[in-house]
Amino acid sequence: MSFTIEERGKPNTLDYRVFFRNTEGMYISPFHDIPIYADEAQNIFHAVVEVPRWTNAKMEIATKDPLNPLKQDIKKGNLRYVANVFPHKGYIWNYGAIPQTWEDPGHKDRDTGCCGDNDPIDICDIGYKVCSRGEVIKVKVLGTLALIDEGETDWKVIVINMEDPEVNNFNNIDDVRRLKPGYLEATFEWFKKYKVPDGKPENQFAFNGEFKDRDFALQTVKETHEFWKALISKKTNIYNLRVIWPYVQRAVSDADADGVAGSLVVSALDQFPKGCWIESPS
């Protein structure tokens, strides 16, 4: 299974989008259509790279837009860039999300005491490769950090790319401490301080900032997958998300492709009968 991207607009502009296609060339949603598992028996997951290592543009899956392309976050009308947290440049891992997961804002986590942040669960890929924006990789879960971001649970799952030449040496969070000394400490400090230059307080953490192990992280990822299942089956509040189900690949034909960009995808989705997607509430 492979995926390709199609960029629309110019990077670092409000109109820039990154759309996804499957092997048949049809448009798909990176939130809903890319399977969570690359190999379920081995607990290997797919992950969508939103922000490559050492870059600053805060790209994310647009969960409220049709087809859920990647777009740059906006704050107060301006494109958002994360500040450099000394001595680092931009994000210190390949940063992204696991598809078909959802941190439910209506569910109070039993461990953190806070509700989810209404997004797919985040990943930090510690592999050697600097990935490309929109790249879909296969990852092994090693552990997780429970960030409390403005009162919401925001899990940061530590993973390693299955293409990494040292992947077999990494099987749990302690392997990261042993083989990449200082990386977890830098990760904690980065998440603690990255919003301070914007005038916000330091972020807080559950478990006193302790990284939880692989088993805990796997349980957390699978729980968010169950939340996602409830979301797409209309068993929970959809919180203004754009949820396309079943696959959106037939929503936009090749003949329509030249006219598809940003909100114009809405007109293409009108080709579907109403029962094929959950409309965002007005």
Side-chain angles (χ1 to χ4, degrees), residues 2-34 46-85 88-99 117-120 122-125 129-137 161 190 194-195 197-200 240-244 248-271 280:
S2 62
F3 308 93
T4 57
I5 63 168
E6 182 175 307
E7 296 178 282
R8 296 299 179 97
K10 295 181 179 180
N12 304 302
T13 68
L14 294 173
D15 295 330
Y16 179 63
R17 299 289 187 275
V18 180
F19 290 94
F20 289 74
R21 290 177 180 262
N22 64 12
T23 51
E24 288 76 37
M26 301 298 183
Y27 289 93
I28 62 170
S29 161
F31 186 5
H32 304 297
D33 291 338
I34 296 174
H46 284 121
V48 178
V49 176
E50 299 165 315
V51 187
R53 184 187 288 120
W54 312 136
T55 64
N56 298 73
K58 181 68 172 71
M59 300 294 296
E60 59 187 15
I61 294 172
T63 58
K64 297 179 177 64
D65 290 3
L67 293 176
N68 310 123
L70 299 188
K71 71 176 182 180
Q72 192 165 350
D73 191 23
I74 300 171
K75 292 293 184 183
K76 298 180 179 179
N78 297 314
L79 294 172
R80 184 178 171 196
Y81 298 87
V82 299
N84 295 321
V85 178
H88 308 293
K89 168 67 172 68
Y91 286 72
I92 64 175
W93 347 256
N94 297 303
Y95 187 76
I98 296 177
D117 70 350
N118 203 25
D119 283 322
D122 297 321
I123 61 98
C124 302
D125 164 38
K129 178 184 176 182
V130 177
C131 293
S132 302
R133 178 181 296 157
E135 188 172 348
V136 180
I137 60 176
N161 192 331
W190 195 96
Y194 82 102
K195 289 187 176 182
D198 297 326
K200 294 185 177 181
N240 293 314
L241 299 180
R242 180 67 67 168
V243 182
I244 310 298
V248 300
Q249 61 240 30
R250 288 163 50 196
V252 184
S253 69
D254 288 337
D256 297 321
D258 290 340
V260 175
S263 61
L264 294 181
V265 178
V266 175
S267 61
L269 291 176
D270 286 340
Q271 300 171 30
S280 299

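Please read all numbers here as calculations on a predicted model, not as lab measurements. We use all heavy atoms of the structure for the numbers below, so side chains are in, but hydrogens, waters and symmetry mates are not.
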Notebook entry, point to check: Asn22 and Tyr27: side-chain hydrogen bond (donor to acceptor under 3.5 Å, both in side chains), yes or no, with the steps?
Noted result: CA-CA 7 Å; Asn22 64 12; Tyr27 289 93; over 6 Å; no
Check: Is it true that Lys58 and Glu60 have a side-chain N and a carboxylate O under 4.0 angstrom from each other?
Finding: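 A salt bridge links Lys58 with Glu60.
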Margin query: Taking Arg80 first and then Asp73, would you say they form a salt bridge - that is, a charged N and a carboxylate O separated by under 4.0 Å?
Written below: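 A salt bridge is present here (some side-chain N lies under 4.0 Å from a carboxylate O).
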Interatomic spacing from [atom1] in [X] to [atom2] in [Y] - rounded to 0.5 Å:
{"X": "Arg21", "Y": "Met26", "atom1": "CZ", "atom2": "CE", "value": "8.5 Å"}
{"X": "Ile5", "Y": "Ser132", "atom1": "CD1", "atom2": "OG", "value": "7.5 Å"}
{"X": "Thr63", "Y": "Asp119", "atom1": "OG1", "atom2": "CG", "value": "5.5 Å"}
{"X": "Asp122", "Y": "Ile98", "atom1": "CG", "atom2": "CD1", "value": "9.5 Å"}
{"X": "Ile28", "Y": "Phe3", "atom1": "CD1", "atom2": "CZ", "value": "5.0 Å"}
{"X": "Thr4", "Y": "Glu135", "atom1": "OG1", "atom2": "CD", "value": "12.5 Å"}

Notebook entry, point to check: In terms of side-chain heavy atoms, does Tyr81 have a donor or acceptor partner in Asn12 at a distance below 3.5 Å?
Noted result: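 Judged by distance alone, the side chains do pair up.
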Next item on the list: Give a yes-or-no answer on whether the side chains of Asn56 and Asn84 include a donor-acceptor pair shorter than 3.5 Å.
Entry: yes
Item checked: Lys/Arg cation over aromatic Tyr91: Arg53, 6.0 Å, 45° cone ->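 Checked: cation-pi criterion not met.
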Checklist line | Chi angles and distances behind the side-chain hydrogen bond (donor to acceptor under 3.5 Å, both in side chains) call for Gln72, Tyr16 | finding: CA-CA 7 Å; Gln72 192 165 350; Tyr16 179 63; over 6 Å; no
Distance-minimising heavy-atom pair for [X] and [Y]:
{"X": "Leu14", "Y": "Ile74", "value": "CD2-CD1, 3.5 Å"}
{"X": "Pro52", "Y": "Asn94", "value": "CA-OD1, 3.7 Å"}
{"X": "Trp93", "Y": "Cys124", "value": "CG-CB, 3.7 Å"}
{"X": "Ile123", "Y": "Ala97", "value": "CG1-N, 3.7 Å"}

Taking [X] for the side chain and [Y] for the main chain, is one N or O donor matched with an acceptor at less than 3.5 Å?
{"X": "Thr55", "Y": "Ala57", "answer": "no"}
{"X": "Asn161", "Y": "Ile137", "answer": "no"}
{"X": "Lys89", "Y": "Trp54", "answer": "yes"}
{"X": "Asp198", "Y": "Lys200", "answer": "no"}
{"X": "Asn68", "Y": "Ile61", "answer": "no"}

Check: Do Pro99 and Phe31 have side chains that get closer than 4.5 Å, going by heavy atoms?
Finding: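 No; the side chains remain at least 4.5 Å from each other.
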Checklist line | Sequence-distant partners of Lys71, side-chain contact (heavy atoms from CB on, under 4.5 Å), two or more places apart | finding: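 Applying side-chain contact (heavy atoms from CB on, under 4.5 Å) to Lys71 gives Arg17, Ala62, Asp65.
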